[in-house]
There are 2 protein chains.
Amino acid sequence: MIEIAARLFLEKGYHLTSMDEVVHVSGISKSNIYYHFKNKEELAIGVIKWRISLLEQHIDELVRSKKSYKEKLNKMVALISNQECLDHDKGGCPFISLYLQAAQQSPRIHTVIKNFFLEQVPVVEEILQSGIAQKQITKAIDVRKTAKLIISTLEGALLLSEITADQHYMDDSLQTLTALLD
Amino acid sequence: MIEIAARLFLEKGYHLTSMDEVVHVSGISKSNIYYHFKNKEELAIGVIKWRISLLEQHIDELVRSKKSYKEKLNKMVALISNQECLDHDKGGCPFISLYLQAAQQSPRIHTVIKNFFLEQVPVVEEILQSGIAQKQITKAIDVRKTAKLIISTLEGALLLSEITADQHYMDDSLQTLTALLD
DNA sequence: CATGATTAGAACTATACAGTACTAAAAAGG
DNA sequence: CCTTTTTAGTACTGTATAGTTCTAATCATG
């Protein structure tokens with residue numbers, strides 16, 4: 001159910017997805033949905049937490065893996081944008097999308113998403129450290145600021161790929177950025 | 001009226017701003033609004049076009065100005081995020097915000113915003129060229145790709161500044177990026 | 001099997017909100 | 001002035017949709 005709601009919220013938008021639609025598409029009764037989630041806001045929070053926990057597993061593996069830091073970053077983008085599995089290319093970052101649609105009316109949604117992004121900074125820092133350790137990054141950099149820069153770029157490029165329908169936006173941006181770090 | 005609608009759509013969100021609220025806050029009658037705009041979608045398009053035309057003037061001046069390319073980029077961010085004038089710090093990029101909220105139901109909104117972002121690429125390219133001409137950028141770069149990278153970074157950092165409530169996100173990211181270009 | 005948790009169904013409420021209808025007053029402008 | 005455009009007011013319609021209520025079936029499990 002959460003999976004369906006997550007997909008609908010992302011593809012159609014939060015306010016344009018009615019609870020009846022979640023019911024219909026998921027095949028789960030409305031009583032049941034409201035049995036598990038007090039209201040639509042709670043469902044959204046459920047969706048976000050579900051996505052975060054999925055991501056955290058994969059990102060954890062990723063950071064510990066033996067890939068180059070560039071590969072790690074690329075994989076991280078793929079994870080955040082598509083959520084590993086997907087046939088549906090429709091996308092962009094689910095967190096940004098939900099944030100802009102629902103965080104105004106829900107401080108909790110705001111907080112959950114805010115914390116998610118704050119937690120990604122040390123993750124990217126670790127990836128950068130691995131790149132430095134392996135001499136793939138030669139420039140002297142401020143690791144924290146560079147991590148922020150990378151997250152900004154990922155999220156921005158993700159959006160602009162979608163908006164401009166230019167699939168190269170992401171690759172071009174990321175590739176250009178990592179080239180600058182060599 | 002458009003100015004009020006623009007502010008409300010940005011601060012409260014498109015779907016969370018009712019036409020009655022626009023009426024109330026602007027002090028303009030509903031008949032009048034619907035006299036000028038067929039429906040809410042047209043109002044949104046009006047808002048977007050208004051913001052774009054405002055921006056284009058300022059960006060035009062900016063590109064022709066004598067500042068360094070870093071100053072130009074910084075100014076450009078300020079323009080896109082705040083729209084020059086503002087007391088209200090609430091923000092993020094109005095185009096991204098409206099895109100994620102309304103483009104699913106309105107192909108026209110999608111198109112207008114898409115075109116806006118496509119048009120920014122050559123603008124940033126020009127700024128970069130000026131940086132190269134003035135030897136402020138020493139690295140050999142692919143200008144087009146770097147322009148995309150910069151736009152991605154700006155938009156991403158704008159979002160993350162807002163989400164994480166970290167006002168340094170933008171400065172840190174942009175500063176780190178331009179440092180890499182030196 | 002008995003008890004509590006989970007699921008379904010279906011009809012219903014309440015309300016927010018986009019959009020309309022109609023009348024009429026001001027402005028604008030030639 | 002006379003005509004057209006723009007503005008206001010007010011009441012109204014229709015609909016989408018979040019959320020409720022109540023009943024009853026099914027499931028899990030000690």
Side-chain angles (χ1 to χ4, degrees), chain A residues 1-51 53 94 97-113, chain B residues 1-51 53 94 97-113:
Chain A
M1 156 170 48
I2 277 209
E3 215 165 326
I4 300 287
R7 207 190 73 219
L8 291 175
F9 286 167
L10 179 61
E11 288 178 3
K12 303 203 32 168
Y14 178 67
H15 292 288
L16 297 175
T17 301
S18 69
M19 292 301 271
D20 281 324
E21 199 166 354
V22 177
V23 167
H24 179 251
V25 177
S26 69
I28 289 167
S29 71
K30 185 182 268 196
S31 341
N32 201 9
I33 294 180
Y34 277 100
Y35 177 77
H36 288 285
F37 302 97
K38 195 167 120 267
N39 50 35
K40 198 181 180 183
E41 181 190 352
E42 295 295 327
L43 177 56
I45 293 173
V47 163
I48 296 167
K49 290 191 171 170
W50 173 73
R51 295 204 108 119
S53 76
S97 174
L98 265 171
Y99 180 89
L100 286 176
Q101 295 183 69
Q104 287 105 335
Q105 45 172 190
S106 168
R108 293 184 52 207
I109 292 183
H110 178 108
T111 305
V112 176
I113 296 181
Chain B
M1 155 171 45
I2 276 209
E3 216 164 325
I4 301 288
R7 207 190 72 219
L8 291 175
F9 286 168
L10 180 62
E11 287 178 2
K12 304 202 32 168
Y14 178 68
H15 292 288
L16 297 176
T17 301
S18 69
M19 292 301 270
D20 282 323
E21 198 165 356
V22 176
V23 167
H24 179 252
V25 176
S26 69
I28 290 168
S29 70
K30 186 182 266 195
S31 342
N32 201 9
I33 294 181
Y34 277 100
Y35 176 77
H36 289 286
F37 302 97
K38 195 167 120 268
N39 49 38
K40 198 181 180 182
E41 180 190 354
E42 295 295 326
L43 178 57
I45 293 173
V47 163
I48 296 168
K49 289 189 170 170
W50 173 74
R51 295 204 109 117
S53 76
S97 173
L98 266 172
Y99 180 89
L100 287 176
Q101 296 183 67
Q104 288 106 333
Q105 44 171 187
S106 167
R108 293 184 53 206
I109 292 181
H110 177 108
T111 306
V112 176
I113 295 180

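Quick note: numbers below take in every heavy atom, side chains included, and nothing from hydrogens, waters or symmetry partners. Below, chains carry the letters A, B, ... as their sequence lines are ordered, and counting in each starts from 1.
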Quick check against the 3.5 Å criterion: does B/K49 have a side-chain atom that pairs as donor or acceptor with the backbone of B/V112?
no
Between A/I33 (CD1) and D/dT21 (P), how many Å, whole number?
18 Å
Below 4.0 Å: OP1/OP2 of D/dT7 and any side-chain N or O of B/H36
yes
A/E42 CD to D/dT20 P: how many Å, rounded?
12 Å
Per B/N39 side chain, nearest of listed nucleotides D/dA18, D/dA8, C/dG19
C/dG19
Rounded to the Å, how far apart are B/F37 CZ and C/dT20 P?
15 Å
Could a donor-acceptor pair under 3.5 angstrom be found where the side chain of A/K30 meets the base of D/dG19?
yes
It should be established whether A/Y35 places a side-chain nitrogen or oxygen under 4.0 Å from OP1 or OP2 of nucleotide C/dT7.
no
Nearest whole Å is fine: how far is D/dA16 P from B/Q105 CD?
13 Å
Whole angstrom value for the distance that separates P of D/dT7 from CE of B/M1
7 Å
Does A/S26 reach the main-chain N or O of A/I4 with its side chain, forming a donor-acceptor pair under 3.5 Å?
no
Of the listed nucleotides (D/dT10, C/dA8, C/dG19), which one gets closest to any side-chain atom of A/N32?
C/dA8
A/L16 has an atom CG; how far is it from atom P of C/dC17, in whole Å?
14 Å
Among the nucleotides D/dT6, C/dA18, D/dT20, which one has an atom lying closest to any side-chain atom of B/K40?
C/dA18
Return whichever of B/T17 or B/S31 has its heavy-atom-nearest nucleotide of DNA chain C closer to the 5' end.
B/T17
Within a 6.0 Å radius of atom NE2 on A/H24, are there more than 12 heavy atoms belonging to other residues, nucleotides or ligands?
no
Closer than 3.5 angstrom, by distance alone: can the side chain of A/H15 be matched with the main-chain N or O of A/Q101 as a donor-acceptor pair?
yes
Between NE2 of A/H15 and P of D/dA18 the distance, given in whole Å, is 10 Å
Tell me whether B/S106 contacts the main-chain N or O of B/A103 through its side chain, where contact means a donor paired with an acceptor under 3.5 Å.
no
Residue-phosphate contact under 4.0 Å: B/Y34 side-chain N/O, C/dG19 OP1/OP2:
yes
Euclidean distance, atom CD1 of residue A/I28 to atom P of C/dA8 [Å, nearest integer]:
6 Å
With a 3.5 Å cut-off and heavy atoms only, can you find an N or O donor on one side and an acceptor on the other between the side chain of B/S29 and the base of D/dG9?
no
